[in-house]
Amino acid sequence: TRSTRPQRLLGAVQKNATRGDPCSVIQAIDHFCRNKEWAMNVGDEKGCILDAVVSEVNPATVLELGTYCGYSTVRIARLLPPDAKLITLEFNPDFAAIARQVIAWAGLEEKVQLVEGASGDWIPRMKEQFGVKTFDLVFLDHWKDRYLPDTKLMEECGILRKGSVLLADNVICPGTPDYLEFVRNSPRYESQYFKSHLEYTKVEDGLEKSVFLG
Ligand SMILES: Cc1ccc(Cc2cc(O)c(O)c(C(=O)NC/C=C/[C@H]3O[C@@H](n4cnc5c(N)ncnc54)[C@H](O)[C@@H]3O)c2)cc1
Ligand SMILES: [Mg+2]
């Protein structure tokens with residue numbers, strides 16, 4: 001049977017990237033998506049904004065919602081200090097299997113815990129399961145109608161602390177109107193929009209960075 005796009009993306013990584021070299025994995029995926037098949041990775045342009053926010057926050061704990069093929073997982077994990085931990089949630093087993101191999105090819109398994117399951121089920125269990133009290137940075141890139149409910153859930157479960165940073169992909173395209181309205185109008189968040197483009201295209205998109213004020 002015909003391979004899937006994630007399988008072909010993994011093939012491009014294994015063919016063109018150097019084992020243990022996260023930058024070559026990122027370049028291989030961007031080249032594949034620009035020249036062969038578009039895929040919904042945050043991409044190189046928004047990826048540079050992601051890099052800047054990760055470097056600024058210098059997080060000890062990161063939560064990613066929606067791993068897909070692991071592109072942003074690799075982008076974030078490559079910038080983390082030695083003892084930092086990135087937990088990434090992915091409920092599609094086929095995508096999770098691909099992402100594990102992409103993360104392994106980049107040599108970042110030690111820094112990444114990929115959890116196969118739904119954010120709604122796992123956010124309430126972060127403390128007991130992984131011994132993480134709060135997250136310094138959360139990257140939201142899963143189904144767009146889950147950004148707001150999951151943010152409210154993270155508040156309720158107490159996994160955000162004063163100063164925790166939420167960084168949300170696709171706030172323009174596909175768009176997350178209810179989430180944007182919430183973080184931009186809630187007194188509990190200080191929000192900032194980083195204008196960019198939908199990965200590998202000229203369509204406008206952007207990232208919203210929202211600091212939780214406690
Ligand atoms: C109209 C239109 C269509 C598509 C685009 C292009 C475009 C550009 C983008 O950057 C995009 O991020 C997207 C997009 O739809 N992303 C959704 C990404 C989901 C991944 O996360 C997984 N997942 C989804 N909900 C959960 C959940 N609760 N718990 C755990 N994992 C979850 C899924 O299993 C997937 O691995 C689309 C632009 C415009
Ligand atoms: Mg996205």
Side-chain angles (χ1 to χ4, degrees), residues 4-10 13 26 29-30 32-34 36-51 53-54 62-76 86-103 112-126 129-130 132 135 137-157 159 166-180 183 193-210:
T4 65
R5 178 166 304 183
Q7 283 169 334
R8 293 192 293 274
L9 182 148
L10 173 62
V13 166
I26 292 164
I29 295 172
D30 285 329
F32 174 79
C33 293
R34 219 175 256 293
K36 300 275 188 335
E37 302 186 57
W38 185 91
M40 60 183 178
N41 316 120
V42 73
D44 45 2
E45 190 180 315
K46 287 185 290 179
C48 286
I49 300 167
L50 172 61
D51 291 356
V53 172
V54 173
V62 184
L63 176 62
E64 175 179 62
L65 304 179
T67 315
Y68 187 44
C69 295
Y71 174 89
S72 49
T73 319
V74 168
R75 272 206 94 106
I76 296 167
L86 191 167
I87 296 176
T88 183
L89 304 184
E90 174 53 58
F91 65 15
N92 179 309
D94 301 324
F95 295 162
I98 297 294
R100 285 190 204 287
Q101 295 174 80
V102 169
I103 293 159
V112 176
Q113 171 129 32
L114 195 161
V115 178
E116 228 170 289
S119 52
D121 300 337
W122 281 95
I123 285 170
R125 300 167 57 188
M126 281 296 144
Q129 290 290 326
F130 304 106
V132 175
F135 286 95
L137 174 67
V138 181
F139 182 55
L140 298 92
D141 194 20
H142 57 334
W143 292 156
K144 308 315 162 191
D145 60 5
R146 287 299 312 176
Y147 285 25
L148 182 53
D150 283 347
T151 297
K152 289 179 173 170
L153 186 58
M154 287 189 281
E155 282 186 27
E156 284 154 27
C157 297
I159 63 172
L166 304 187
L167 189 64
D169 190 24
N170 310 118
V171 295
I172 303 300
C173 178
T176 63
D178 59 344
Y179 173 81
L180 266 193
V183 290
Y193 175 61
F194 292 83
K195 183 176 158 93
S196 184
H197 295 94
L198 179 68
E199 50 268 27
Y200 319 115
T201 77
K202 293 184 168 35
V203 174
E204 181 179 343
D205 189 21
L207 300 173
E208 188 83 1
K209 176 191 168 196
S210 307

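Indexing begins at 1, ligand by ligand and atom by atom, following the structure's order. Just so you know, these numbers use all the heavy atoms, side chains as well, and skip hydrogens, waters and symmetry mates. Predicted, not measured: the structure shown is a model, and the values here were computed from it.
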Could you identify the single nearest non-hydrogen protein atom to atom 35 (C) of ligand 1 and state the distance to 0.1 Å?
E90 OE1, 3.7 Å

Quick check: does D150 get an N/O under 3.5 Å from an N/O on ligand 1?
no

What atoms of ligand 1 come closer than 4.0 angstrom to any heavy atom of G66?
21 (O)

Heavy-atom pair of closest approach, residues L9 and C33
CD1-SG, 4.2 Å

So the atoms of ligand 1 within less than 4.0 Å of a heavy atom of G117 turn out to be 29 (N), 30 (C)

Atom 18 (C) of ligand 1 - nearest protein heavy atom and its distance:
D141 O, 3.4 Å

Identify the protein heavy atom lying closest to atom 2 (C) of ligand 1, giving its residue, its atom name and the separation to 0.1 Å.
P174 CG, 4.1 Å

Under 4.0 Å from ligand 1, counting heavy atoms only, is it the side chain of W143, its backbone, both or neither?
both

Here the atoms of ligand 1 under 4.0 Å from any heavy atom belonging to L198 are 8 (C)

At their closest point, which heavy atom of R146 faces which heavy atom of G120, and how far apart are they?
NH2-CA, 4.2 Å

Ligand 1 contacted by G175 (non-hydrogen, < 4.0 Å):
no

With a 3.5 Å distance limit and no angle check, can you tell me whether Y71 reaches the backbone of G43 through a side-chain donor-acceptor pair?
yes

Can you tell me if D30 and Y200 form a side-chain donor-acceptor pair at under 3.5 Å?
yes

Can you tell me the angle formed at the Mg ion (ligand 2) by OD1 of D141 and OD1 of N170, to 10°?
90°

among protein heavy atoms, the one nearest atom 11 (C) of ligand 1 is N170 OD1, 3.2 Å

What do you reckon, does C173 put a non-hydrogen atom under 4.0 Å from ligand 1?
yes

Could an N or O of ligand 1 be found under 3.5 Å from any N or O of R146, whether backbone or side chain?
no

For W38, is there any backbone N or O sitting under 3.5 Å from a side-chain donor or acceptor partner on R5?
yes

Residues C173 and V203: closest non-hydrogen pair is SG-CG1, 4.1 Å

Check E116 against R100 and note the closest heavy-atom contact, atom names and distance.
OE1-NH2, 3.4 Å

Would A118 count as being in polar contact with ligand 1, using the rule that some N or O on each side must be under 3.5 angstrom apart?
no

Please determine whether ring-ring contact (aromatic ring centres under 6.0 Å, His included) holds for the pair F130 and W122, giving the CA-CA distance in whole Å, both sets of side-chain angles, and the decisive distance to 0.1 Å.
CA-CA 10 Å; F130 304 106; W122 281 95; 5.8 Å; yes

Who's closest to atom 10 (O) of ligand 1 heavy-atom-wise, of E199, K144, H142?
E199

Judged by heavy atoms only, the candidate from G70, S72, S119, A99 nearest atom 29 (N) of ligand 1 is S119

When you measure from atom 8 (C) of ligand 1 to the protein, is at least one non-hydrogen atom found at a distance under 4.0 Å?
yes

Considering non-hydrogen atoms of the protein only, which is the closest contact for atom 31 (N) of ligand 1, and what is the distance?
F91 N, 3.3 Å

Against heavy atoms of Y68, which atoms of ligand 1 measure under 4.0 Å?
36 (O)

Please determine whether any non-hydrogen atom of W38 lies less than 4.0 Å from an atom of ligand 1.
yes

How far apart are the closest heavy atoms of L114 and A96, and which atoms are they?
CD1-O, 3.8 Å

Assess whether a salt bridge exists between D141 and K144, defined as any Lys/Arg side-chain N lying under 4.0 Å from an Asp/Glu carboxylate O.
yes

Side chain or backbone, does D169 bring an N or O within less than 3.5 Å of an N or O on ligand 1?
yes

For L89, the ligand 1 atoms with a heavy-atom partner under 4.0 Å come out as 30 (C), 31 (N)

2.8 Å cut-off met by an N, O or S atom of D169 to the Mg ion (ligand 2):
yes

By number and element, which atoms of ligand 1 are closer than 4.0 Å to a non-hydrogen atom of N92?
34 (O)

Start with the C-alpha gap between Y147 and H142, add the side-chain angles, then the distance that decides, and say whether ring-ring contact (aromatic ring centres under 6.0 Å, His included) holds.
CA-CA 8 Å; Y147 285 25; H142 57 334; 5.4 Å; yes

Would one find an N, O or S atom of Y68, in either backbone or side chain, under 2.8 Å from the Mg ion (ligand 2)?
no

For F139, run the side-chain contact (heavy atoms from CB on, under 4.5 Å) check against L65, T73, L50 and tell me which one passes.
L50

Pair R75 + E64, salt bridge at N-O below 4.0 Å
no

